[in-house]
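To start, the structure itself, in structure tokens.
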Amino acid sequence: MAGEVTASSVILQTRLTASSPLPDKDVPGVEGEVRFEIDTDPAFPDPIRTEWMKAVEERDHVVKKKIEDLKPDVLYYYRIEFGPGRSDAKKGPARRFRTLPGPATSRPYRLAVVT
């Protein structure tokens, strides 16, 4: 999930989960290692990569990272690299967000609020 987007930053967040839900429809989390990749090209030829982070039970298997120094009004693609360990990590599907235009530009934009 991409949230708290500004003209120059975003907070990326994900949760590692098991593939099978519990009987009460809850999806259990799993421990592992995660890093985010960010690029302006959906093929990720030259991505920005975060450091590896641990998804642990104490944080409900959630990892998040603030990405800074982004350019205003740019469409960015992001995905996670994840696995039980770095050596067996795989890449998740690409998602996207657009940074806000910044004070020099005025145009409409859409905003979603999730609680």
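Treat the numbers as computed from the prediction; the structure is a model and nothing was measured.
For Arg96, the CZ atom sits in a loose shell: 12 or fewer heavy atoms of surrounding residues, nucleotides or ligands are nearer than 6.0 Å. Within 6.0 Å of atom CD in Glu51, more than 12 heavy atoms from other residues, nucleotides or ligands are found, so the atom counts as buried in its surroundings. Residue-environment remark: CG (Asp88) exceeds the threshold of 12 foreign heavy atoms within 6.0 Å.
Applying the ring pair (Phe, Tyr, Trp, His ring centres under 6.0 Å) rule to pairs touching residues 54-77 yields Tyr76-Phe97, sequence neighbours excluded.
Once rounded to the nearest 0.5 Å, the distance linking CH2 of Trp52 with CD of Glu33 reads 6.5 Å. Phe82 contributes atom CZ, which lies 11.5 Å from atom CZ of Phe36 (distance to the nearest 0.5 angstrom). One distance of note links CD1 of Ile38 with CG of Leu70; it measures 7.5 Å at 0.5 Å rounding. Atom-to-atom distance recorded for Thr14:OG1 and Ile80:CD1 is 4.0 Å, nearest 0.5 angstrom. Here the OG1 atom belonging to Thr50 is positioned 8.5 Å from the CG atom belonging to Leu12, to the nearest 0.5 angstrom. Taken to the nearest 0.5 Å, the CD1 atom of Ile67 stands 13.0 Å off from the OG1 atom of Thr99.
Between Glu81 and Glu37 the shortest side-chain heavy-atom distance falls below 4.5 Å. No side-chain heavy atom of Met1 sits under 4.5 Å from any side-chain heavy atom of Lys64. The shortest distance between side-chain heavy atoms of Met53 and Lys65 falls below 4.5 Å.
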Going through the checks in order, is the side chain to side chain contact (heavy atoms under 4.5 Å, CB included) test met by Arg98 and Asp73? CA-CA 6 Å; Arg98 180 179 293 278; Asp73 201 21; 3.5 Å; yes
Candidate pair Arg79 and Arg95, rule side chain to side chain contact (heavy atoms under 4.5 Å, CB included), full reasoning: CA-CA 6 Å; Arg79 65 184 175 193; Arg95 304 290 187 233; over 6 Å; no
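With respect to the salt-bridge test (charged N to carboxylate O, under 4.0 angstrom), the residues Lys66 and Glu4 do not qualify.
For the residue pair Pro72 and Pro101, the shortest heavy atom distance occurs at CB-O, 3.4 Å. Pairing each heavy atom of Gly32 with each of Leu16, the nearest pair is CA-CD1, 3.8 Å. When every heavy atom of Lys54 is checked against every heavy atom of Val63, the shortest pair comes out as O-CG1, 3.4 Å.
Contacts of Phe44 classified as ring pair (Phe, Tyr, Trp, His ring centres under 6.0 Å), with partners at least two apart in sequence or in another chain: none.
The backbone N or O of Val27 sits nowhere less than 3.5 Å from a side-chain atom of Thr17 that would complete a donor-acceptor pair. Under a 3.5 Å cut-off, the side chain of Asp60 and the backbone N or O of Val62 do not form any donor-acceptor pair.
Note: the hydrophobic cluster containing Val74 also contains Tyr78 (ILVMFWY, side chain heavy atoms under 4.5 Å, direct or indirect links).
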